[in-house]
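Heads up: the structure comes next, in structure tokens.
One is the number of the first residue; the rest follow in order along the sequence.
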Amino acid sequence: AGHLLKGDFTLEPVNPPLARLWACLPYLALRPDLPLTSVHWRERHPGAAGLEFLYRNRIPWRTLVIWPRVMTALLGAALVWWIAGWAETRAGRTGGVIAGALAATCPNLLGNGGLATTDLAAAASALLAGWAWTAWLERPTLRRAGLVGVAIGAALVTKYANLALLPVFAALLVAERRRIGGDPAGRRARMFELAVAAAVGAAVVFVAYGGSGFGAYLAGLEAQRAD
């Protein structure tokens, strides 16, 4: 909640903010009280500050808990729909139905779909990044490169584990370099598109942290390593 309402990314920095910003969007309407003067908040004790936020608030704790879970459930439903749609483009209607059914009954998705955590959002953003990267590899264009930047940037500010996508995408690029590179003019175009994707991704990271720069992202990464 502190991320969204106050732009404070220091209370619990071990995960990037995007998933929690999404989960806490209903708080913009609820306007709950934040324990900004609490010793737990000032001394950066997220567990104790979170309990104080829930149980010493003018908004009932059940309301504060249920809405982030609803947002995660909506994201889970969108993820199932996206999996089915992508599979349909690859394997036809039957493949899409089977993929959607498998996703909808996946224990991990069902288990995390009702929790206000970062795991389901991380899976959704990783899938979006994979789809965007695949689309660009299949038909490189400047527009698709911009979409790659948005998708990868979103994945990186959802969970640090999504950094593992970068070497995978690099390996796919190496495997496809001859096909998409073409003549020297084509290679220059691809390099420019990759530069655009990197710039857009960096902008997404910058905006997600409220314009506080990349120091907050790196500080959170260091905090996770030390956790």
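For the ring-ring contact (aromatic ring centres under 6.0 Å, His included) test, no residue two or more places apart in sequence or in another chain qualifies with W81. R69 is linked by a salt bridge (Lys or Arg N to Asp or Glu O under 4.0 Å) to nothing, counting only residues two or more places apart in sequence or in another chain. In this view, A195 satisfies the side chain to side chain contact (heavy atoms under 4.5 Å, CB included) rule with no residue, not counting sequence neighbours. Applying the side chain to side chain contact (heavy atoms under 4.5 Å, CB included) rule to E88 yields the partners R93; only residues at least two apart in sequence or on another chain are considered. Residues meeting the side chain to side chain donor-acceptor pair (under 3.5 Å) test with R58, sequence neighbours left out: D33. For A99, the side chain to side chain contact (heavy atoms under 4.5 Å, CB included) criterion is met by I83, A87, not counting sequence neighbours. Annotation: salt bridge (Lys or Arg N to Asp or Glu O under 4.0 Å) contacts of R62 (sequence neighbours excluded): none. Here W133 pairs with W136, F169 under the ring-ring contact (aromatic ring centres under 6.0 Å, His included) rule; sequence neighbours left out.
Grouped with V174 in a hydrophobic cluster is no other residue, since no side-chain heavy-atom contact under 4.5 Å to another Ile, Leu, Val, Met, Phe, Trp or Tyr is found.
Identified under the ring pair (Phe, Tyr, Trp, His ring centres under 6.0 Å) test for residues 94-115, with sequence neighbours left out: none.
Atom CH2 of W61 and atom CG of L64 lie 10.0 Å apart (nearest 0.5 Å).
The environment of CH2 in W86 is crowded: more than 12 heavy-atom neighbours from other residues, nucleotides or ligands sit within 6.0 Å.
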In residues 144-168, what donor-acceptor pairs under 3.5 Å come from side-chain atoms, sequence neighbours left out?
| residue | atom | partner | partner atom | Å |
| --- | --- | --- | --- | --- |
| R144 | NH1 | A135 | O | 2.7 |
| T158 | OG1 | A154 | O | 2.6 |
| K159 | NZ | T118 | OG1 | 2.9 |
| K159 | NZ | D119 | OD1 | 3.4 |
| Y160 | OH | Y209 | OH | 3.4 |
| Y160 | OH | Y217 | O | 2.7 |
| Y160 | OH | L221 | N | 3.1 |
| N162 | ND2 | S125 | OG | 3.1 |
| N162 | ND2 | A155 | O | 3.0 |

Report all side-chain donor-acceptor pairs from residues 105-116 shorter than 3.5 Å, counting only partners two or more places apart or in another chain.
| residue | atom | partner | partner atom | Å |
| --- | --- | --- | --- | --- |
| T105 | OG1 | A101 | O | 2.8 |
| T105 | OG1 | L102 | O | 3.4 |
| N112 | ND2 | N108 | O | 2.9 |

